[in-house]
S.K.: 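I have a structure here, written as structure tokens, and I will follow up with some questions on it.
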Amino acid sequence: MTDPAPLNPALAATFAPPVMEARRWLAELPLPPGLPLINVSQAAPVDPPPQALRAAMADAALHRPEAHLYGPVLGNPDLRAAVAEEFGASYGGAVSPAQVTITQGCNQAFCAAVTTLAQAGDEVILPTPWYFNHKMWLDMQAIRAVPLACGDDLLPDPDRAAALIGPRCRAIVLVTPNNPSGAEYPAELVGRFFDLAQSRGLALILDETYRDFDSRSGPPHDLLARPGWDRTVIQLYSFSKAYRLTGHRVGALVTSEDRMRQVEKVLDTVAISTSQLGQIGALWGMRNLRDWLEGERAEILGRRDATVAALSALPGWRVKSAGAYFAWVEHPLAASSADLARRMVAEIAVLALPGTMFVPPEDPTGPRHLRIAFANIDGPRIAQLAERLRGLAG
């Protein structure tokens, strides 16, 4: 019998995808009789795109031959131009189409950005709780994720970050509005991180997947209006949440033209080009769904407020932060969230992710918290969620 083929130890060392791990609990654990599942484990929209957007994509599939072919590696010129115009206007800066690339979702944008910055043995600073796919990609590349613990307000501290910068540090990552906490980072805070990264010759990777659901009016930061911003900032975006295009995988990366030449190498070897139908849908959405998207934003913010009110009324439960699609909730029970999350499936038919999935194993905050992704449950189900949590025994 021959030995098995080699396995990349860096890949083997990282954890299983948390959302897939949680879904396996549904196969392993019977739901309590008479209780339909309340799934607050994932942030992806469960509804398809609006009918008009689907019709536009269907028309393209039928009548535009190029919709079925490879496109430019860095994305379709019309969509790149639209993103440049939108980001320039939204942030009060100047963004050219050459500073935009379109990716197979925002996760690919992150992977491409990191690949241009770092190699095995380098370091990247990640605030905790972190978005687990960011940590997984760094693990797989043998790049050390340096945890930057957030305070009780779930905001990272630039001074603490400065103390973590070593000779092999290549970047600082911020996600705002944050996944998993929902925290919206103040513009002044984002600016301080920019100043830190710029002064130390690091990249600032700014993941704004949920920017369309930020509760604030006006620009959330001024980075794109700063001189030479593209030498420091790598900004990431996703069309999946805004236009419900999760299955079509369309994201964006905004940075310098020089770095784009390196990004192109990464994308060409991974996917060659982003889905044509997805890009066509994203562009149509940008041009035609502004009012619809504002309605979606209002609905999500309403669900945020309902979640905060319902969970804050539970004895001992504390909503530490909430925004965009997420609430980061401290529970009062003795059990670790890693065990509690599994119990919640079997006892109250609620699927949520434990805080332990978003922090290093030794971090004491993980066992005390749950991430609640409330975007896919309406007001009545938010009330049901609270009542079921109320019934959990310690």
Side-chain angles (χ1 to χ4, degrees), residues 40 43 124-132 134-135 145-165 172-197 204-211 213-223 300-333 336-337 352-360 362-375 386 389:
V40 287
V124 171
I125 293 175
L126 291 186
T128 58
W130 52 40
Y131 173 45
F132 43 70
H134 289 172
K135 174 62 162 58
V146 179
L148 170 62
C150 289
D152 206 46
D153 57 3
L154 277 300
L155 299 179
D157 184 341
D159 293 331
R160 295 180 69 179
L164 297 174
I165 296 172
I172 302 169
V173 179
L174 300 181
V175 183
T176 179
N178 188 258
N179 178 4
S181 74
E184 298 173 348
Y185 294 174
E188 181 271 338
L189 180 66
V190 175
R192 287 177 62 199
F193 271 101
F194 174 90
D195 292 339
L196 172 62
L204 179 63
I205 301 177
L206 191 61
D207 184 335
E208 293 191 303
T209 292
Y210 300 95
R211 69 184 288 269
F213 306 101
D214 196 304
S215 67
R216 299 165 292 185
S217 60
H221 58 78
D222 67 351
L223 300 194
I300 294 298
L301 293 179
R303 294 181 182 189
R304 178 203 64 180
D305 294 345
T307 299
V308 171
L311 299 189
S312 297
L314 298 178
W317 291 75
R318 182 183 175 201
V319 180
K320 302 282 279 293
S321 183
Y325 276 36
F326 308 105
W328 186 251
V329 183
E330 186 174 35
H331 68 83
L333 307 179
S336 165
S337 62
L353 297 189
T356 52
M357 289 181 167
F358 302 92
V359 297
E362 67 278 6
D363 190 321
T365 67
R368 302 201 313 269
H369 293 85
L370 296 165
R371 186 191 77 171
I372 303 296
F374 55 76
L389 292 175

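The shown structure was predicted, so the numbers you read here are calculated from the model rather than taken from an experiment.
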S.K.: Below 4.5 Å, heavy atoms only, C-beta onward: do Asp157 and Arg192 meet side chain to side chain?
M.R.: yes

S.K.: Between Thr209 and Asn179, is there a side-chain heavy-atom distance shorter than 4.5 Å?
M.R.: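 No - every pair of side-chain heavy atoms lies 4.5 Å or more apart.
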
S.K.: Applying side chain to side chain contact (heavy atoms under 4.5 Å, CB included), can you list everything that pairs with Arg216, at least two apart in sequence or on another chain?
M.R.: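 Per chain and number, Arg216 pairs via side chain to side chain contact (heavy atoms under 4.5 Å, CB included) with Thr176, Glu184, Asp214, Pro220.
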
S.K.: Any non-hydrogen side-chain atom of Ser336 less than 4.5 Å from a side-chain atom of Thr356?
M.R.: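 Contact flag for Ser336/Thr356 side chains = yes.
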
S.K.: Measuring only between side-chain heavy atoms, which start at C-beta, is His134 closer than 4.5 Å to Val124?
M.R.: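 The answer is no, as the side chains (C-beta and beyond) never meet within the 4.5 Å cut-off.
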
S.K.: Find out whether Phe326 and Leu353 are in side-chain contact, i.e. whether some heavy atom of one side chain is under 4.5 Å from a heavy atom of the other.
M.R.: no

S.K.: Of the non-hydrogen atoms in Ala161 and Ile125, which two are nearest, and what is the gap between them?
M.R.: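 Residues Ala161 and Ile125, closest heavy atoms: O-CD1, 3.7 Å.
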
S.K.: Are the side chain of Arg368 and the backbone N or O of Glu330 linked by a donor-acceptor pair below 3.5 Å?
M.R.: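 Not at all, since once roles are kept as given, no pair shorter than 3.5 Å links the two residues.
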
S.K.: With rounding to the nearest 0.5 angstrom, report the CG to CD1 distance, Leu126 to Ile205.
M.R.: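 Between atom CG of Leu126 and atom CD1 of Ile205 there are 8.5 Å.
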
S.K.: I need the minimum non-hydrogen distance between Phe374 and Ile300, along with the two atoms involved.
M.R.: CE1-O, 3.8 Å

S.K.: Closest heavy-atom contact between Thr128 and Ala149?
M.R.: OG1-CA, 3.2 Å

S.K.: Determine whether Thr365 and Lys320 make a side-chain contact, defined as any pair of heavy atoms from C-beta on separated by less than 4.5 Å.
M.R.: no

S.K.: Identify the two heavy atoms, one from Val190 and one from Leu223, that lie closest to each other, and give their separation to 0.1 Å.
M.R.: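 In terms of heavy atoms, the two residues are closest at CG1-CD1, 3.6 Å.
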
S.K.: Tyr325 vs Tyr210 aromatic rings, parallel, tilted or perpendicular, using cut-offs 30° and 60°?
M.R.: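 Tyr325 vs Tyr210 ring planes: tilted.
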
S.K.: Give the minimum heavy-atom separation between Leu155 and Ala183, together with the two atoms involved.
M.R.: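 Answer, listing the atom of Leu155 first, then Ala183: CD2-CB, 4.3 Å.
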
S.K.: Tell me whether the rings of Trp328 and His369 are parallel (<30°), tilted (30 to 60°) or perpendicular (>60°).
M.R.: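 Judged by the thresholds at 30° and 60°, the geometry between Trp328 and His369 is parallel.
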
S.K.: Report the distance from atom CG of Asp152 to atom CG of Leu154, rounding to the nearest 0.5 Å.
M.R.: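 Between atom CG of Asp152 and atom CG of Leu154 there are 7.5 Å.
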
S.K.: Return the OH to CG distance between Tyr131 and Asp207, rounded to the nearest 0.5 Å.
M.R.: 8.0 Å

S.K.: List the residues meeting side chain to side chain contact (heavy atoms under 4.5 Å, CB included) with Ala386, not counting sequence neighbours, and say none if there are none.
M.R.: Ala310, Leu311, Leu314

S.K.: Could you check whether any side-chain heavy atom of Ile165 comes within less than 4.5 Å of a side-chain heavy atom of Leu196, counting everything from C-beta outward?
M.R.: yes

S.K.: Give, for atom CZ of Phe358 and atom CG of Asp363, the distance between the pair rounded to the nearest 0.5 Å.
M.R.: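 So the CZ of Phe358 and the CG of Asp363 are separated by 13.0 Å.
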
S.K.: Does the side chain of Pro129 reach to within under 4.5 Å of the side chain of Arg371, using non-hydrogen atoms?
M.R.: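 Contact flag for Pro129/Arg371 side chains = no.
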
S.K.: Kindly give the heavy-atom pair with the smallest separation between Gly316 and Pro332, and that separation in Å.
M.R.: O-CB, 3.4 Å

S.K.: Ignoring hydrogens and geometry, is there a side-chain-to-backbone donor-acceptor pair from Asn178 to Val175 under 3.5 Å?
M.R.: yes

